[in-house]
Amino acid sequence: MTAPIRENLSGLDLRAEIERLRKERNAVILAHYYQKPEIQDLADFVGDSLELSRKAAETDADVIAFCGVKFMAETAKILSPEKIVVLPDMDAGCSLEDSCPPEQFKRFREAHPDHIALTYINCSAAVKALSDVIVTSSSAETIISQIPESQKIIFGPDRHLGGYLNRKFGREMLLWPGVCIVHEAFSETELLKLKAQHPGAPVAAHPECPPHIVDHADYVGSTSGILQFAKNFPGDTLIVATEPHIIHQMELALPEKNFIGAPGADGNCNCNICPYMALNTMEKLYLALRDLQPRIEMDEELRLAARKSLDRMLDMASGTVGKGDLGRA
Ligand code: 13P
Ligand code: SF4
């Protein structure tokens with residue numbers, strides 16, 4: 001899938017080299033919570049999709065090294081076109097983005113001319129350009145509550161997030177049939193077994209999970225919302241139904257507590273590691289900072305069209321991180 005590294009980097013102190021290049025390039029390293037711990041540990045900022053978009057929009061660095069997936073790095077480029085944006089592995093995609101080819105999405109929109117398109121940020125720039133408002137999981141609730149109930153909506157590409165919002169807000173948004181392969185893989189049977197082994201341990205789930213997982217959750221929210229819940233819940237054990245690399249931040253903040261990744265069908269939570277996020281490595285981050293490649297490039301007309309729906313998100317979500325989350329009261 002992805003090109004192998006042809007150089008021998010084994011003699012290098014990668015951490016030190018990345019530090020050196022970060023200064024030399026006046027670069028900022030942004031990382032999503034699903035990145036490997038060693039990348040999270042050296043990032044200037046670790047966050048959820050909305051927080052990372054905001055950081056990308058406001059940074060005064062010359063280079064953004066984006067340790068996440070392609071749609072996130074593209075978002076950074078859309079919001080900060082004058083910056084060089086590098087993604088350590090250009091094959092770091094997303095099953096939600098793959099599920100939603102722009103031509104098909106355009107036809108879906110055209111078939112429903114009286115609907116607006118509210119679109120999850122996990123999509124291509126071309127799909128953003130065809131959308132009215134972008135949402136992230138931490139801004140969706142605040143944004144949907146600003147849209148009149150009489151307004152018809154199509155929601156894509158995540159049918160589980162869309163379904164969760166429909167149930168919570170009594171909406172009837174038409175849903176694009178995409179799923180996240182990572183959150184889709186959690187097993188209800190294994191989750192119930194785990195709950196029985198840890199009676200009283202709450203479950204925190206991402207809304208990309210299907211309803212049979214979300215229905216067992218005590219808290220449903222974005223990665224930053226789940227992290228906040230982990231910092232505040234009174235018990236000593238938490239079951240975490242999202243990509244397990246976020247547990248690194250929980251263990252750093254609360255070393256005395258026990259965080260258990262919800263299992264997949266084989267009872268082994270490793271099947272819930274995002275294969276796209278995992279493509280980024282220290283070696284590739286070093287090479288990206290050294291060579292300023294692979295770089296996100298975008299046609300200006302497409303960028304401006306995609307920016308409209310992203311700006312609308314940033315405006316509608318402003319001042320709401322944390323309290324505007326999808327978390328259940
Ligand atoms: P958030 O970090 O915005 O909750 O999104 C999760 C995700 O799937 C990123 O790909
Ligand atoms: Fe996409 Fe799911 Fe990976 Fe997030 S965790 S990048 S939604 S495949």
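Annotation: D315, atom CG; neighbour count of heavy atoms from other residues, nucleotides and ligands within 6.0 Å is above 12.
Within the structure, salt bridge (charged side-chain N to carboxylate O under 4.0 Å, His left out) contacts touching residues 271-283 (residues at least two apart or in different chains) do not occur. Sequence neighbours left out, the pairs with a member in residues 180-191 that pass salt bridge (charged side-chain N to carboxylate O under 4.0 Å, His left out) are E190-K193.
The aromatic rings of F108 and F105 lie tilted to each other, with the angle between the two planes from 30° to 60°. A tilted orientation is assigned to the rings of H183 and Y34, their planes being inclined by 30° to 60°.
A donor atom on one side chain and an acceptor atom on the other are not found under 3.5 Å apart for E172 and N166. A donor-acceptor contact closer than 3.5 angstrom links the side chains of D48 and S138. Between the side chains of T136 and S139, at least one donor N or O sits under 3.5 Å from an acceptor N or O.
Put simply, OG1 on T281 and CG on L287 are 8.0 Å apart, with the number rounded to the nearest 0.5 Å. Interatomic distance, CG of L96 versus NE2 of H160, reported as 9.5 Å (0.5 Å rounding).
In this structure, S49 contributes its side chain and S137 its backbone to no donor-acceptor pair below 3.5 Å. Judged purely by atom type and a 3.5 angstrom limit, R303 uses its side chain to pair as donor or acceptor with the backbone of I78.
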task = Could you please spell out the steps behind the side-chain hydrogen bond (donor to acceptor under 3.5 Å, both in side chains) verdict for H198 and N258?
result = CA-CA 11 Å; H198 299 277; N258 185 22; 4.9 Å; no
As a quick check of understanding, evaluate side-chain contact (heavy atoms from CB on, under 4.5 Å) for Q104 and W176, giving each step before the final call. CA-CA 10 Å; Q104 285 178 29; W176 185 267; 3.8 Å; yes
Side-chain donor-acceptor pairs of residues 118-128 under 3.5 Å, sequence neighbours excluded:
| residue | atom | partner | partner atom | Å |
| --- | --- | --- | --- | --- |
| T119 | OG1 | S131 | OG | 2.7 |
| Y120 | OH | E208 | OE2 | 2.5 |
| S124 | OG | V127 | N | 3.2 |
| K128 | NZ | I121 | O | 2.9 |
| K128 | NZ | C123 | O | 2.7 |

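When all heavy atoms of M316 and I147 are compared, the closest pair comes out as CE-CG1, 4.3 Å.
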